Amino acid sequence: MNPIALHAGNPGPMTGDGNWTWLIPGRVPTLIDAGTGVGEHLDALESALGGAKLAQVLVTHGHSDHASGAAAIAGRMPGVRFLKKPWPARDDRWGVEWSPLRDGDAIAVGDTFVTTVGTPGHAPDHVCFWHPESRMLFGGDLAIEGTTVWLPSSLDGDLHAYLKSLERVLALDPIRVFPAHGEVIDDPGTLLRNYIDHRLKREEQVIEALRSGDTSPEAIAGRIYTRLRDDLRSRAVETVISHLKKLEQDGRAHRSELAWHIIEP
Ligand SMILES: [Zn+2]
C-alpha cells in the first residue's frame with residue numbers, strides 16, 4: 001500500500017499543522033478523509049488524480065477536519081460516493097449523503113481492498129481502514145506520533161471504548177499507520193502500547209485526586225495538570241471527564257448530583 005499524502009491545508013488551534021488525507025490511485029480512485037474544502041487541497045487532489053475520476057471518499061469519522069470538506073469535493077467532482085460509519089445524531093452536518101460503512105466491510109479501493117475496523121473512542125463513529133496484504137492501516141485520529149489523542153467528552157469521546165480500540169488494532173499487528181495528523185507511524189505497536197500505559201497511569205492520578213477529596217473535573221484537572229496553558233485547560237477538563245466516565249463504567253466511581261466520588265473495591 002503506497003497512498004499519496006495530500007495535505008488538507010487547514011492548520012489551526014484544534015488541528016495543529018492540519019490534516020493529512022490519503023489518495024489511493026488505481027481502478028477505484030479513493031480518498032481517505034475529506035479535509036475541510038480548502039481550495040489548495042482540491043487542486044492538489046485534482047492534479048494527483050491526473051485526469052482520473054475520484055470514485056469515493058471514505059471518512060474515518062465525522063469531526064469537521066475530516067468530513068466538512070465533503071460538500072466542496074462533491075461540488076467540484078460530481079458523482080463521488082461518500083462513506084462513513086453512521087452516527088444518526090450528527091450525520092446530516094456536512095451537506096452530502098453518506099453511504100453507511102459497517103464494521104468488517106471489505107471495500108474496493110485503488111487496485112485492492114481494505115477492511116473497515118470499528119475503533120470508537122475518539123469519536124463514536126471512528127473507523128480505521130485495514131489493508132491486510134501489506135499490514136498497513138489508515139488510522140484517522142486513533143494515534144498521532146509524538147503526542148496523545150484527545151478524547152472530547154463533549155463530542156461523545158469514550159475512553160473505555162478507546163482503550164478497547166487500541167487493543168483491537170494492536171491485535172492486527174500493523175507495521176505502518178497512515179494517520180490524519182503528524183508523521184507516518186512506522187512502529188505502531190510501541191506507540192499504541194505506550195498510549196495504553198499512559199492512560200492507565202493517568203487513571204491512577206484521577207483515582208488519587210478523588211481519594212484526596214477532589215469532586216469536580218475542574219479540581220482534578222487542576223491537580224493533575226499543574227502547568228497547563230490557559231487555552232488547553234478546557235481540553236484537560238474534558239480528558240478528566242473521559243477518565244471519570246470510564247471509572248464509572250468500571251464501577252470505580254460514581255456521580256451524585258454535582259460531585260464525583262471514588263468507590264473503593
Ligand atoms: Zn477527530
Side-chain angles (χ1 to χ4, degrees), residues 3 5-22 31-38 41 57-73 82-96 98 100-101 103 116-130 137-166 168-169 177-185 188 191-192 195 198-199 231-232 234-243 245-246:
L6 295 174
H7 198 268
N10 61 328
M14 302 304 275
T15 62
D17 294 337
N19 287 54
W20 291 109
T21 68
W22 299 95
L31 185 68
I32 309 281
D33 277 344
T36 59
V38 170
H41 180 226
V57 179
L58 314 182
V59 305
T60 55
H61 61 299
H63 285 167
S64 61
D65 53 328
H66 301 257
S68 68
I73 294 173
F82 295 89
L83 298 95
K84 78 181 284 300
K85 184 172 177 191
W87 186 12
R90 289 181 174 264
D91 275 357
D92 52 358
R93 282 180 301 168
W94 305 128
V96 297
W98 297 100
L101 283 174
D103 209 358
T116 307
V117 183
T119 44
H122 171 72
D125 54 350
H126 195 285
V127 299
C128 296
F129 299 104
W130 171 237
L137 182 85
F138 294 91
D141 283 353
L142 183 80
I144 305 171
E145 190 72 74
T147 183
T148 55
V149 168
W150 186 40
L151 303 179
S153 60
S154 59
L155 292 172
D156 298 300
D158 182 333
L159 178 61
H160 199 265
Y162 180 64
L163 290 171
K164 273 199 199 150
S165 294
L166 293 176
R168 181 168 191 203
V169 169
V177 172
F178 301 105
H181 302 275
E183 303 283 320
V184 169
I185 301 164
L191 181 65
L192 300 187
Y195 275 177
H198 168 79
R199 298 287 174 174
D231 54 326
L232 294 177
S234 65
R235 279 198 179 205
V237 170
E238 291 224 27
T239 299
V240 168
I241 293 171
S242 299
H243 278 281
K245 285 183 176 166
K246 173 179 181 290

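Each ligand, and each atom within it, is numbered from 1 in the order the structure gives. Owing to the predicted nature of the structure, the values given are computational and were not obtained by experimental measurement. Quick note: residue numbers are just sequence positions, from 1.
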Closest N/O/S atom of His63 to the Zn ion (ligand 1), by atom name?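 Looking only at N, O and S atoms of His63, the one nearest the Zn ion (ligand 1) is named ND1.
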Can you give the angle His122 NE2 - the Zn ion (ligand 1) - Asp141 OD2, rounded to 10°? 90°
Do His41 and Thr21 pass the side-chain hydrogen bond (donor to acceptor under 3.5 Å, both in side chains) test, and can you show the C-alpha distance, the side-chain angles, and the key distance before you say yes or no? CA-CA 9 Å; His41 180 226; Thr21 68; 2.9 Å; yes
Counting only N and O atoms by type, is there a donor-acceptor contact under 3.5 Å from the side chain of Trp22 to the main-chain atoms of Phe138?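 Side chain of Trp22 to backbone of Phe138: no pair is present.
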Trp20 and His181: CA distance, side-chain angles, deciding distance, ring pair (Phe, Tyr, Trp, His ring centres under 6.0 Å) verdict: CA-CA 6 Å; Trp20 291 109; His181 302 275; 9.9 Å; no
Where do His122 and His63 land on the side chain to side chain contact (heavy atoms under 4.5 Å, CB included) test, with the steps shown first? CA-CA 10 Å; His122 171 72; His63 285 167; 3.1 Å; yes
Taking N, O or S atoms only and a limit of 2.8 Å, check whether His61 reaches the Zn ion (ligand 1). yes
Quick check: does Asp65 put an N/O/S atom under 2.8 Å from the Zn ion (ligand 1)?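 Checking the Zn ion (ligand 1) against Asp65, no N, O or S atom falls under 2.8 Å.
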